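Scope of the values below: all heavy atoms of this structure, side chains included, with no hydrogens, waters or symmetry mates. In this text, all values refer to a predicted model and were calculated from it rather than measured experimentally. Note on naming: letters A, B, ... go to the chains in the order of the sequence lines (proteins, then strands), and numbering restarts at 1 for each one.
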Protein chains: 2
Amino acid sequence: MEKRIRIKDIAERAGVSTGTVDRVIHQRGNVSPEVADRVMQVMRELNYEPNIIASTLAYNRKLPVGVLLPDYDSDPYWALPNLGLKRAFQNVRHYGIVLDTHLFGLFDPAAFLAKAHELLDAPEPPVAILFAPIFLRESIWLMEQCRTRGIASVLINTDMDDPDALCYVGQDSYQSGVLAGKLLSIGMGPDDQVLVLNLDKETTNAKHLWDKERGLRDYFLRLKGPAVASVIRYDCEFFEDQDALRDAMLQLFRENPQLSRIFVTNSRSYFVLDALNRVSLRHFRTVGFDLLPQNMTYLEQGTISFLINQNPVEQGYLALMNIANHFIYKKPVKRMQYLPLDIVVPENARYYLQREKDLELVY
Amino acid sequence: MEKRIRIKDIAERAGVSTGTVDRVIHQRGNVSPEVADRVMQVMRELNYEPNIIASTLAYNRKLPVGVLLPDYDSDPYWALPNLGLKRAFQNVRHYGIVLDTHLFGLFDPAAFLAKAHELLDAPEPPVAILFAPIFLRESIWLMEQCRTRGIASVLINTDMDDPDALCYVGQDSYQSGVLAGKLLSIGMGPDDQVLVLNLDKETTNAKHLWDKERGLRDYFLRLKGPAVASVIRYDCEFFEDQDALRDAMLQLFRENPQLSRIFVTNSRSYFVLDALNRVSLRHFRTVGFDLLPQNMTYLEQGTISFLINQNPVEQGYLALMNIANHFIYKKPVKRMQYLPLDIVVPENARYYLQREKDLELVY
DNA sequence: TCCTACACTGTGTGCGAACACAGATTGAAT
DNA sequence: ATTCAATCTGTGTTCGCACACAGTGTAGGA
């Protein structure tokens with residue numbers, strides 16, 4: 001059980017004071033090259049690893065972190081990343097991290113911008129911002145602000161093509177489409193048709209939805225079957241109107257009698273199934289996303305065959321922990337952090353749900 | 001942004017010294033009841049939460065943790081929990097946690113006992129022991145030792161019926177059998193037979209294997225099909241002998257021509273498939289456990305249809321983090337901590353494998 | 001009355017690192 | 001040789017808490 005090496009030990013061994021060692025460690029200059037070399041040599045010899053505990057105590061600093069996410073009223077999904085965020089916060093607040101959370105309407109770019117301003121112009125400006133780049137133009141602007149102000153940025157749920165982001169935490173959209181293809185293909189006949197159903201506003205701007213569709217199509221292409229031609233897409237912006245959605249679906253069924261597979265590209269599967277409440281869906285197989293209570297009911301019934309879990313809680317958790325790793329532990333942070341695409345059936349659902357519930361207990 | 005409350009603040013507000021507050025907090029006695037009440041009142045008013053950072057720095061104590069796991073030569077599986085353990089250790093060693101790791105042969109109860117003795121009689125006896133209760137009798141003895149010596153115990157991978165264990169981290173064996181049933185039942189005809197294959201020594205003592213079989217059988221029972229009667233089991237202790245295993249399997253196939261589903265109850269699926277290398281398995285569907293490289297090859301080929309991931313790395317990680325939660329953060333620890341039963345197919349495997357690699361960045 | 005025992009409370013030091021500031025050394029310019 | 005600035009190095013204080021120890025007060029016995 002070897003004793004831990006302290007700055008003092010290094011100082012003694014190198015024949016200098018602790019202040020000098022400190023200057024070397026933090027590259028604060030004012031140390032002659034010879035001395036610096038000697039100190040570094042000793043550090044390597046003794047395999048020095050700083051005591052983070054003592055370090056954070058002495059720093060006595062605040063690390064304000066801005067959070068910018070959709071509110072839960074827009075979409076129950078977004079309560080989950082927030083939950084993970086809170087959990088992570090419990091772990092790292094001792095290190096001085098302070099959250100400044102702002103929520104915006106999921107379909108309201110102006111609110112996004114307004115909240116972003118609030119964040120940036122806070123009395124204690126954040127050292128990092130954690131946000132969901134839902135709106136492309138506004139997000140590019142925010143990234144630019146981060147760049148000029150020297151603020152680190154962590155992207156969650158949706159990625160952006162910006163090399164200056166500290167990291168992205170979320171799913172691999174393309175591959176989730178591939179996986180959906182795999183799950184839908186089980187027991188599929190050669191003439192069956194697959195429907196890709198986008199229930200969202202402004203789907204034209206939603207790159208991740210396109211990626212999912214591409215993944216699904218590529219999966220069937222690789223199967224080399226005639227199924228290739230039979231993937232159709234339907235974008236529905238009026239998904240909140242139950243009657244309209246039902247009519248639209250029924251028309252789709254009529255026009256495509258071989259339709260037997262539905263892939264809902266986000267967490268809103270339950271909207272379709274609510275709308276089709278009375279319609280017999282026995283011969284349909286549906287795959288959707290996320291373990292929302294509304295979806296779970298249909299999964300238990302068998303109306304949804306599989307749900308793909310995007311680990312929303314872990315997304316929030318990881319996102320903040322990455323900031324901690326960067327600023328406190330000074331560990332390198334991986335740019336792309338894909339969370340597993342969990343295949344959820346009634347038989348294994350409880351464990352994923354339990355994991356989410358356990359987090360509530362902590363808070 | 002409210003300032004954090006310190007002991008000093010409480011002392012001032014309560015009109016006492018910090019020493020007294022400290023005595024109240026740690027219930028070290030020698031404080032008059034009136035003063036103690038007043039201090040506690042103030043603590044509640046100001047909502048005091050101790051600064052763990054400063055606390056652990058001042059404690060300057062060691063927390064020796066004993067670790068007792070199977071070695072990797074016995075079974076490559078066990079390298080994974082150990083990996084998670086090491087990663088967790090990186091996170092908590094600053095708090096004074098020191099590991100004392102001992103490995104034993106997976107089929108060697110005497111070694112288990114010997115190593116347990118080494119742990120218990122170490123110069124700095126552990127405050128907690130983390131172990132896999134592979135051997136029932138020996139584990140009961142170890143638990144008794146922990147009880148009398150006041151050592152906390154964390155069980156990993158296999159549970160034991162002992163209320164004094166701090167917690168169990170692992171899978172729900174029964175439910176993993178149910179899940180296997182579900183996965184095997186996909187596309188199954190009414191006459192198909194299912195083989196439960198135990199590749200282990202002393203399977204009679206392995207409760208978790210029995211639980212898995214029970215889960216599988218219950219699943220088919222609940223299906224209410226004729227499939228109920230067609231689940232057969234085969235225990236194989238000589239699984240390391242490739243030729244013997246192949247012969248045994250071929251005989252099973254001959255005796256049970258309707259056999260089309262194989263459930264390997266642990267991570268050793270690859271043993272069967274290695275043995276059956278030349279035999280055509282096109283009409284078979286196999287489900288096994290764990291993403292060992294050997295299994296992954298067969299999964300990619302399609303020879304294994306699904307692997308159930310028991311999250312072995314996370315098991316090790318969580319086990320140690322629980323000890324940290326208990327001793328450092330003083331959080332309540334949940335007795336049963338079931339990890340998700342991930343359904344792994346080639347299309348989502350990479351993310352689970354990646355997570356194992358990345359884990360140190362995670363928590 | 002004094003002393004002792006005991007209950008109670010305050011003070012001081014250390015944990016390891018960060019940083020401000022004072023002090024020392026050097027070299028160049030006067 | 002002296003001054004001055006620039007460069008380099010050491011010391012001391014701080015962070016919040018834990019704990020040893022010193023100090024005060026009170027009651028009871030001799």
Side-chain angles (χ1 to χ4, degrees), chain A residues 2-40 42-43 46-63 92-98 327-330, chain B residues 2-40 42-43 46-63 92-98 327-330:
Chain A
E2 60 308 2
K3 253 191 60 188
R4 295 223 33 191
I5 307 296
R6 301 160 301 177
I7 277 191
K8 204 172 154 189
D9 302 319
I10 294 168
E12 269 173 30
R13 182 89 166 246
V16 295
S17 75
T18 59
T20 302
V21 176
D22 180 72
R23 273 182 289 267
V24 173
I25 290 174
H26 296 89
Q27 300 168 35
R28 224 177 289 134
N30 295 338
V31 179
S32 71
E34 307 88 61
V35 174
D37 278 354
R38 200 167 70 235
V39 169
M40 287 197 286
V42 172
M43 287 205 296
L46 300 186
N47 191 27
Y48 172 72
E49 296 179 58
N51 184 327
I52 297 178
I53 301 295
S55 170
T56 54
L57 184 64
Y59 261 127
N60 195 30
R61 65 181 168 181
K62 290 257 170 296
L63 285 176
V92 298
R93 68 197 172 86
H94 301 287
Y95 296 99
I97 285 183
V98 182
F327 284 100
I328 296 160
Y329 292 96
K330 294 172 199 314
Chain B
E2 34 357 327
K3 251 190 64 186
R4 294 214 43 179
I5 306 297
R6 299 161 301 175
I7 278 190
K8 204 172 153 191
D9 301 319
I10 295 168
E12 271 173 28
R13 183 86 168 249
V16 296
S17 75
T18 60
T20 301
V21 175
D22 181 71
R23 273 182 289 266
V24 172
I25 290 174
H26 297 89
Q27 298 169 36
R28 226 178 287 137
N30 293 338
V31 180
S32 70
E34 307 88 64
V35 173
D37 278 354
R38 198 167 71 235
V39 169
M40 287 196 287
V42 172
M43 287 205 296
L46 301 185
N47 191 24
Y48 172 72
E49 295 180 58
N51 184 325
I52 296 179
I53 300 297
S55 169
T56 55
L57 185 64
Y59 260 128
N60 196 31
R61 65 181 168 181
K62 290 257 170 296
L63 284 177
V92 296
R93 67 197 174 82
H94 301 287
Y95 295 99
I97 286 183
V98 182
F327 283 100
I328 295 159
Y329 292 96
K330 296 177 198 313

After noting the C-alpha distance and the side-chain angles of A:Arg4 and B:His94, does the key distance pass the side chain to side chain contact (heavy atoms under 4.5 Å, CB included) rule?
-> CA-CA 10 Å; A:Arg4 295 223 33 191; B:His94 301 287; 3.7 Å; yes
Nearest non-hydrogen partners of A:Val31 and A:Ala36, listed with the distance |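 The answer is CG1-N, 3.8 Å.
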What is the distance, rounded to the nearest whole Å, between atom [atom1] of [X] and atom [atom2] of [N]?
X	N	atom1	atom2	answer
A:Lys8	D:dT9	NZ	P	21 Å
A:Ile10	C:dA18	CD1	P	11 Å
A:Arg23	C:dA17	CZ	P	16 Å
B:Arg28	D:dC17	CZ	C1'	10 Å
B:Tyr59	D:dG16	OH	P	18 Å
B:Asn51	D:dA18	CG	C1'	13 Å
B:Asn30	D:dC19	CG	P	14 Å
A:Arg6	C:dA18	CZ	C1'	16 Å

Any chance you could measure A:Ile53, atom CD1, to B:Arg93, atom CZ, to the nearest 0.5 Å?
->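 So the gap between those two atoms works out to 10.5 Å.
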Looking only at the side chain of [X] (C-beta and beyond, no hydrogens), which of the listed nucleotides [options] gets closest?
X	options	result
B:His26	D:dT11, D:dA18, C:dG16	D:dA18
A:Thr20	D:dC17, C:dG16, D:dT9	D:dT9
A:Asp22	D:dA18, C:dT11, C:dC19	C:dC19
B:Val16	D:dG10, C:dG10, D:dA18	C:dG10

Quick one: is B:Tyr48 getting a side-chain N or O under 4.0 Å of the D:dG16 phosphate, OP1 or OP2?
->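 False: B:Tyr48 side-chain N/O out of range (4.0 Å or more) of D:dG16 OP1/OP2.
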Answer yes or no: does a side-chain N or O of B:Ser17 lie under 4.0 Å from OP1 or OP2 of C:dT9?
->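 Checking C:dT9 against B:Ser17, no side-chain N or O comes under 4.0 Å of OP1 or OP2.
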Report the residue (B:Thr18 or B:Asn60) whose heavy-atom-nearest nucleotide on DNA chain C is the more 5′ of the two.
->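 Here B:Thr18 is the residue nearer the 5' end.
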5'-most contact on DNA chain C: B:Ser32 or B:Leu57, nearest heavy atom basis?
->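 Counting from the 5' end, the first nearest nucleotide belongs to B:Ser32.
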Decide side chain to side chain contact (heavy atoms under 4.5 Å, CB included) for A:Thr56 and A:Ile52; before the verdict, give the C-alpha distance in whole Å, the side-chain angles of both, and the deciding distance to 0.1 Å.
-> CA-CA 6 Å; A:Thr56 54; A:Ile52 297 178; 4.1 Å; yes
Before giving the answer on side chain to side chain contact (heavy atoms under 4.5 Å, CB included), spell out for A:Ile10 and A:Val24 the whole-Å C-alpha distance, their side-chain angles and the decisive distance to 0.1 Å.
-> CA-CA 11 Å; A:Ile10 294 168; A:Val24 173; over 6 Å; no
